[in-house]
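The first residue of the sequence shown is numbered 1, and numbering continues consecutively from there. In this text, all values refer to a predicted model and were calculated from it rather than measured experimentally.
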Amino acid sequence: RRMTTPQSATDGPVMGPSGIPLPVTRISRIFDAIIVGVGEASSWIWTALMLLIVYQVVQRYAFGLGSIKMEEMQWHLYGIGFMLAIPFAEIRERHVRIDVLAEHWPLRCRLWIESFGLTFFLLPFSLFVLLHAVPYATQSYEIHEISSAPDGLPYRFVIKAFLAATFLLLAMAAVSRLSRVIAGLRLKT
């Protein structure tokens with residue numbers, strides 16, 4: 001299966017790895033651009049994490065020094081990088097899909113299943129987590145939450161805010177894909 005990238009909305013449907021050709025909509029173009037921008041910018045987190053790990057290893061084994069702040073920074077960077085990859089994977093269709101049966105079904109049926117999953121599972125779940133993640137991060141900020149470890153990182157709200165950002169981006173990815181699926185259903189009628 002080959003993935004094509006249209007230059008304009010009139011270029012026609014784009015077929016991703018799922019094998020479902022979907023037209024590009026105005027909202028999908030905007031939301032996807034935001035998500036891709038965040039995803040590509042956040043890819044530098046992995047480089048920073050690798051350098052931090054190398055630094056930690058050298059400090060520990062060459063000089064006998066360890067740092068709780070550096071250990072916590074490692075899991076913060078890992079968590080942020082992983083979380084920001086989720087919406088990026090959704091719009092690029094790089095997530096796990098179970099299409100063993102669906103790949104043999106008619107396109108219209110697959111589009112209806114896709115719209116059902118987005119409307120009743122991914123979008124509500126994303127909004128549910130987002131509605132709980134915002135107060136979670138806000139409360140952390142208000143109480144000046146810090147690490148419980150001695151010499152740990154301050155500003156625990158930062159990692160918690162990325163949870164909210166991730167699910168906001170995931171909700172945007174769901175809306176983007178849903179708009180494309182609805183446009184695809186309209187084309188198939």
Side-chain angles (χ1 to χ4, degrees), residues 1-3 5 14 16-18 28-100 117-118 121-177:
R1 295 176 186 154
R2 161 177 101 83
M3 186 163 186
T5 306
V14 176
S18 67
S28 74
R29 188 179 304 277
I30 293 167
F31 283 3
D32 290 359
I34 292 168
I35 294 165
V36 166
V38 170
E40 289 178 352
S42 69
S43 67
W44 285 99
I45 289 172
W46 301 112
T47 304
L49 178 60
M50 181 204 58
L51 292 173
L52 182 62
I53 290 170
V54 168
Y55 173 78
Q56 272 290 97
V57 168
V58 169
Q59 287 290 94
R60 176 170 291 140
Y61 294 107
F63 302 109
L65 301 173
S67 170
I68 294 173
K69 280 185 182 172
M70 291 296 155
E71 294 286 332
E72 287 187 358
M73 182 60 74
Q74 286 178 31
W75 71 261
H76 279 173
L77 288 176
Y78 180 78
I80 291 167
F82 186 85
M83 285 189 294
L84 292 178
I86 295 170
F88 186 78
E90 171 60 29
I91 63 161
R92 296 293 179 144
E93 295 185 44
R94 299 292 184 222
H95 51 76
V96 175
R97 294 182 64 99
I98 302 174
D99 289 332
V100 175
L118 291 166
F121 294 108
L122 182 57
L123 193 54
F125 176 72
S126 299
L127 294 174
F128 177 80
V129 174
L130 178 62
L131 290 173
H132 287 83
V134 170
Y136 183 60
T138 304
Q139 181 186 23
S140 178
Y141 174 78
E142 289 171 349
I143 65 171
H144 305 289
E145 185 178 9
I146 62 171
S147 171
S148 59
D151 194 40
L153 289 176
Y155 314 120
R156 185 56 59 97
F157 72 91
V158 173
I159 186 83
K160 293 180 178 185
F162 274 100
L163 185 63
T166 295
F167 281 92
L168 173 62
L169 291 169
L170 190 57
M172 289 170 62
V175 169
S176 169
R177 181 122 176 121

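Listed by first and then second residue, the ring pair (Phe, Tyr, Trp, His ring centres under 6.0 Å) pairs involving residues 47-67 amount to none (not counting sequence neighbours). Residue pairs meeting the side chain to side chain donor-acceptor pair (under 3.5 Å) criterion with at least one member in residues 121-134: none, sequence neighbours excluded.
For the residue pair A174 and L122, the shortest heavy atom distance occurs at CB-CD2, 3.8 Å. Heavy-atom minimum distance, I68 versus G152: CG2-CA, 4.0 Å.
Evaluation of the side chain to side chain contact (heavy atoms under 4.5 Å, CB included) rule for I30 yields R26, I34 as partners, not counting sequence neighbours. Every residue two or more places apart in sequence or in another chain that forms a side chain to side chain contact (heavy atoms under 4.5 Å, CB included) with A89 is listed here: R94.
Residue Q59 qualifies as enclosed at atom CD: its count of foreign heavy atoms under 6.0 Å is above 12.
Distance check: Q74 CD to I53 CD1 gives 5.0 Å after rounding to the nearest 0.5 Å. Atom CD1 in I80 sits 9.0 Å away from atom CH2 in W75 (nearest 0.5 Å). Taking CG of D151 as the start and CD of E72 as the end, the distance is 9.0 Å to the nearest 0.5 Å. Annotation: the span from I35 atom CD1 to R92 atom CZ amounts to 10.5 Å, rounded to 0.5 Å. Rounded to the nearest 0.5 angstrom, L77 CG and M50 CE are separated by 12.5 Å.
Using a 4.5 Å heavy-atom cutoff, the side chains of S147 and R156 are in contact. With contacts defined as side-chain heavy-atom distances shorter than 4.5 Å, the pair F88/V36 qualifies.
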Donor-acceptor pairs under 3.5 angstrom involving side-chain atoms of residues 157-172: please list them, not counting sequence neighbours.
from, atom 1, to, atom 2, distance (Å)
K160, NZ, E145, OE1, 2.7
K160, NZ, E145, OE2, 3.2
T166, OG1, F162, O, 2.8

Could you list the donor-acceptor pairs under 3.5 angstrom formed between side-chain atoms of residues 42-49 and any protein atom two or more places apart in sequence or on another chain?
from, atom 1, to, atom 2, distance (Å)
S42, OG, V38, O, 3.1
S42, OG, G39, O, 3.0
S43, OG, E40, O, 2.6

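With hydrogens and angles disregarded, no donor-acceptor distance shorter than 3.5 Å links the side chain of E90 to the backbone of A173.
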